[in-house]
Engineer: 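Sharing a structure here in C-alpha cells format.
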Amino acid sequence: MTFLCHPAALLRIPSLRISKNPIADFTSFSSPRLNHNRRSLFVGPRMASTQLSHEITLPGQLGHPVTVVAAAGVSDSDFRNAIESFLFKQWLKNIQTETGMLANEAMVLRQVLIQGVDMFGSRVGFLKFKADVIDKETGKKVPGIVFARGPAVAVLILLESEGETYAVLTEQVRVPVGKLILELPAGMLDDENGDIAGTAIREVEEETGLHLNQDAVVDLTAFLAPSTGQKVFPSPGGCDEDIGLFLYRGKVDKEIIEQLQGKETGLRDHGEMIKVHVVPYKTLWRMTADAKVLAAIALYEMAKRDGLLPILKD
C-alpha cells in the first residue's frame, strides 16, 4: 500500500524561532518566558492591547524571517497550540517541497495571522489563518486565506451480488452546506504518522459495520503521477485538505445488501448520525455531488481501463 504522506526526513523542516530571543528554538516553547513576543498596540492615550507574535526562519528564505501573529480574540493557549500543531507544521513543509510555492524562490512568505483554532480534545482539529505571500516579480500578494484540516481518506466500496454491482454510501448531516449528503465512508488522519490504509478500514467499519480485508484494499490515488503528491485536493483555493482514495471490491449474498440498506451507524456520542445507503454502481455518478465519490469513480474507471487493477477473486 502506498503511503501518501511524505516522510519528514525528506523535507526541509523549518527552524522556528521566538523573535524575542533568536537563540531559543521552537522546542523551547514550553518555557513561559520564551513563549512569544507581546506587541503593545496603542489605540488611545489610556488604551492599549497586546498582540502575540512569534518568528519563524525558513531554510528557503533565510534573509526573510516570517512573523506569526495572533488575531484579536485568539488566546495565548490557542496561539501556542496553533503554532505547535501538526496542521501548521505540515503546511510549512508543503510550501517548501519541490513543488511548493517557495521552491523556485519566486514568492516569499512574510507573515501569518492566526485567526481561529478549533480543538478536538487535546489536539488542533481545524485551524484558520491568513498567509501574506508576495510574488517577487509584481510585489503583489497572492490569495492566502487558509482553512487547515489536514489529510483524510475515503473508500469506494463495490459489492457484487447476483450479477449486479452496488456501491456503499453513507448519509450524513453536513452543517456547512446545510444538507444531508450521500458520500463515501471517510475520515480524517489524526497526525503525520497516521496509518492511511488502516484509518480507511476503521472508518468503513465505524460508518457501515463492514470489516474489510486490508489486503484487498487498493490505493486509487497511488495511480496518480508522483508530482501530484498522489492525493486529491477537493478545494485547494481555500482548504489544505488532501484525500487518499481507496477501492474495495467484494462478492456478497443479496442478504448482505439488504442488511446494509438503511442501517444506522456512527459514533453517536460524537454526534455522528449516519445512515447507510446501497445504490447500483451504474447510477452512482448521478446519485450524489460528493467530490470524493466522483473523483473515486474517475480514478476507478481509468485504472480499470488501463488494466491497473488486480483481478477480483471469487
Side-chain angles (χ1 to χ4, degrees), residues 4-6 8 16 26 29-30 35-36 52 54 56 68-95 112-131 144-155 170-181 183-207 229 231-246 265-274 290-292:
L4 304 184
C5 293
H6 294 287
L16 292 96
F26 185 63
F29 206 89
S30 59
N35 278 349
H36 24 249
L52 303 172
H54 186 74
I56 300 171
V68 185
V69 296
V74 175
S75 68
D76 190 300
S77 62
D78 278 349
F79 186 61
R80 179 201 303 262
N81 287 333
I83 295 175
E84 292 180 340
S85 69
F86 159 67
L87 293 176
F88 189 61
K89 291 178 181 178
Q90 186 62 47
W91 181 78
L92 291 174
K93 290 178 183 179
N94 289 343
I95 66 176
V112 175
L113 175 67
I114 303 296
Q115 297 173 311
V117 181
D118 287 307
M119 301 298 295
F120 289 7
S122 61
R123 69 180 179 87
V124 175
F126 296 146
L127 176 62
K128 171 74 163 42
F129 60 91
K130 183 178 180 181
I145 296 176
V146 181
F147 171 55
R149 55 169 291 155
V153 294
V155 187
T170 61
E171 178 188 271
Q172 301 197 54
V173 177
R174 294 307 190 190
V175 174
V177 295
K179 297 180 180 180
L180 292 170
I181 300 292
E183 56 190 73
L184 296 183
M188 298 168 60
L189 290 180
D190 290 342
D191 55 50
E192 59 189 326
N193 300 314
D195 174 8
I196 295 180
T199 298
I201 290 172
R202 286 193 300 274
E203 290 296 331
V204 167
E205 188 165 8
E206 288 177 4
E207 295 189 358
K231 58 193 73 174
V232 172
F233 297 94
S235 187
C239 182
D240 75 326
E241 182 182 33
D242 61 72
I243 304 177
L245 293 173
F246 293 82
T265 62
L267 302 176
R268 299 275 159 160
D269 55 338
H270 289 185
E272 291 184 350
M273 308 300 176
I274 298 173
D290 176 37
K292 299 184 295 297

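As the structure is a prediction and not an experimental result, all values here were calculated from the model.
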Engineer: Report the distance from atom CG of Leu113 to atom CD1 of Ile145, rounding to the nearest 0.5 Å.
Structural biologist: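 So the CG of Leu113 and the CD1 of Ile145 are separated by 10.0 Å.
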Engineer: Could you give me the CA-CA distance, side-chain angles and deciding distance for Met119 and Val117, then say whether side-chain contact (heavy atoms from CB on, under 4.5 Å) is met?
Structural biologist: CA-CA 6 Å; Met119 301 298 295; Val117 181; 3.9 Å; yes
Engineer: Could you measure the distance from the OG atom of Ser235 to the CG atom of Asp240? Nearest 0.5 Å is fine.
Structural biologist: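 It comes to 10.5 Å.
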Engineer: Does atom NZ of Lys130 have more than 12 heavy-atom neighbours, drawn from other residues, nucleotides or ligands, at distances under 6.0 Å?
Structural biologist: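 Check fails, neighbour count at 12 or below.
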Engineer: Nearest heavy-atom pair of Ala82 and Leu127: which atoms, and what distance?
Structural biologist: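 Smallest interatomic distance, heavy atoms only, reads CB-CD1, 3.6 Å.
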Engineer: Would a distance-only check, ignoring hydrogens and angles, find a side-chain to backbone donor-acceptor pair under 3.5 Å from Asp242 to Gly150?
Structural biologist: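 No.
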Engineer: Is Glu183 salt-bridged to Arg174, going by a charged N under 4.0 Å from an acidic O?
Structural biologist: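 Yes, this pair counts.
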Engineer: With side-chain contact (heavy atoms from CB on, under 4.5 Å) as the test, would you mind laying out the steps for Thr170 and Leu184 before giving the verdict?
Structural biologist: CA-CA 6 Å; Thr170 61; Leu184 296 183; over 6 Å; no
Engineer: Yes or no on ring pair (Phe, Tyr, Trp, His ring centres under 6.0 Å) for Phe129 and Phe147, after CA distance, side-chain angles and deciding distance?
Structural biologist: CA-CA 7 Å; Phe129 60 91; Phe147 171 55; over 10 Å; no
Engineer: Give the intermediate values and the outcome of side-chain contact (heavy atoms from CB on, under 4.5 Å) for residues Gln172 and Glu207.
Structural biologist: CA-CA 10 Å; Gln172 301 197 54; Glu207 295 189 358; 3.7 Å; yes
Engineer: Start with the C-alpha gap between Phe79 and Val69, add the side-chain angles, then the distance that decides, and say whether side-chain contact (heavy atoms from CB on, under 4.5 Å) holds.
Structural biologist: CA-CA 8 Å; Phe79 186 61; Val69 296; 5.6 Å; no
Engineer: Give the minimum heavy-atom separation between Arg149 and Cys239, together with the two atoms involved.
Structural biologist: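 Smallest heavy-atom distance, with atoms named: CG-SG, 3.6 Å.
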Engineer: For the atom pair CG (Leu52) and CD1 (Ile83), what is the distance rounded to the nearest 0.5 Å?
Structural biologist: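 CD1 of Ile83 is found 8.5 Å from CG of Leu52.
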Engineer: Considering non-hydrogen atoms only, spot the tightest contact between Ala200 and Val155 and give its length.
Structural biologist: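 Between these two residues, the closest heavy atoms are CB-CG2, 3.6 Å.
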Engineer: Can you see which heavy atom on Ala186 is nearest to which on Lys292, and at what distance?
Structural biologist: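 For Ala186 and Lys292, the tightest heavy-atom pair comes out as CB-CE, 3.8 Å.
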Engineer: Are the side chains of Val153 and Ile243 in contact, using a 4.5 Å heavy-atom criterion?
Structural biologist: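 No - every pair of side-chain heavy atoms lies 4.5 Å or more apart.
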Engineer: Rounded to the nearest 0.5 Å, how far does OG1 of Thr199 lie from CG of Leu189?
Structural biologist: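 Atom-to-atom, Leu189:CG and Thr199:OG1 are 4.5 Å apart.
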Engineer: Evaluate the side-chain proximity of Glu241 to Pro234: yes if any heavy-atom separation is below 4.5 Å, no if none is.
Structural biologist: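 The answer is yes; the side chains approach within 4.5 Å.
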Engineer: Quick one: pull up CD1 in Ile114 and CZ in Arg80 and give me the separation to the nearest 0.5 Å.
Structural biologist: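 The CD1 atom of Ile114 sits 14.0 Å away from the CZ atom of Arg80.
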Engineer: Once you round to the nearest 0.5 Å, how far does CG of Asn81 lie from CZ of Phe88?
Structural biologist: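 Reported value, rounded in 0.5 Å steps: 13.0 Å.
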